[in-house]
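Structure record follows, encoded as structure tokens.
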Amino acid sequence: MPAYIIVNIKVTDPVGYEQYKLQAPPLVAKYGGRYLVRGGPVELIEGDWQPERLVVLEFPEAEAARAFLDAPEYAPVRKLRQASTDSDMILMLGTSV
């Protein structure tokens, strides 16, 4: 069953975040993930949610997503994201359509 990491990001340090954006994609790919959404305009359809920047990653299963998040080589990259953004992140299981 595929798993999705969904992140709402408010960039607080654009220079630091640019470094994160360069370093994260190879690690995402190494753990079988791929970007489905990486920023872009957001249009509110209903409610009052105001996301800043949305990122959606797809992994083949939850174990691969967790392996990516817990990878020793991702730890310094994760710290870079945490230092340069305010982020909310969820892991969501999905079904193939």
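A centroid separation of less than 6.0 Å is found between the aromatic rings of Y74 and F68.
When all heavy atoms of A62 and L93 are compared, the closest pair comes out as CB-CD2, 3.5 Å. Here the closest non-hydrogen pair linking P26 and L22 is CD-O, 3.8 Å. Considering all non-hydrogen atoms of both residues, V37 and L54 come closest at CG1-O, 3.7 Å. For the residue pair T85 and S87, the shortest heavy atom distance occurs at OG1-OG, 2.7 Å.
Atom CD in E52 sits 10.5 Å away from atom CG in D88 (nearest 0.5 Å). Separating the CG atom in L57 from the CE atom in M92 is a distance of 14.0 Å, to the nearest 0.5 Å. Taken to the nearest 0.5 Å, the CZ atom of R81 stands 3.5 Å off from the CE atom of M89. Considering NZ of K10 and OG of S84, their distance stands at 13.5 Å, rounded to 0.5 Å. Summarising the geometry, atom CD1 belonging to I5 is positioned 6.0 Å from atom CG belonging to L91; distances are rounded to the nearest 0.5 Å. Atoms CG and OH, on L80 and Y20 in that order, are 8.5 Å from each other to the nearest 0.5 Å.
You'll find the side chain of R38 reaches within 4.5 Å of the side chain of P25, heavy atoms only. Using a 4.5 Å cut-off on side-chain heavy atoms (C-beta onward), I9 and V55 make contact. Residues E73 and L27 have side chains in contact (heavy-atom distance under 4.5 Å, counting atoms from C-beta outward).
Using modelled atom types and a 3.5 Å distance limit, the side chains of Y17 and R53 yield a donor-acceptor pair.
Tracing side-chain contacts under 4.5 Å through hydrophobic residues (I, L, V, M, F, W, Y), one never reaches V42 starting from V56; they form parts of separate clusters. Put simply, V7 and Y35 are part of the same group of oily side chains (I, L, V, M, F, W, Y) that touch within less than 4.5 Å, one to the next. Tracing side-chain contacts under 4.5 Å through hydrophobic residues (I, L, V, M, F, W, Y), one never reaches I90 starting from W49; they form parts of separate clusters. Each of V28 and Y4 belongs to its own hydrophobic cluster when Ile, Leu, Val, Met, Phe, Trp and Tyr are linked at side-chain heavy-atom distances under 4.5 angstrom.
Heavy atoms of other residues, nucleotides or ligands lying less than 6.0 angstrom from CZ of R78 number more than 12.
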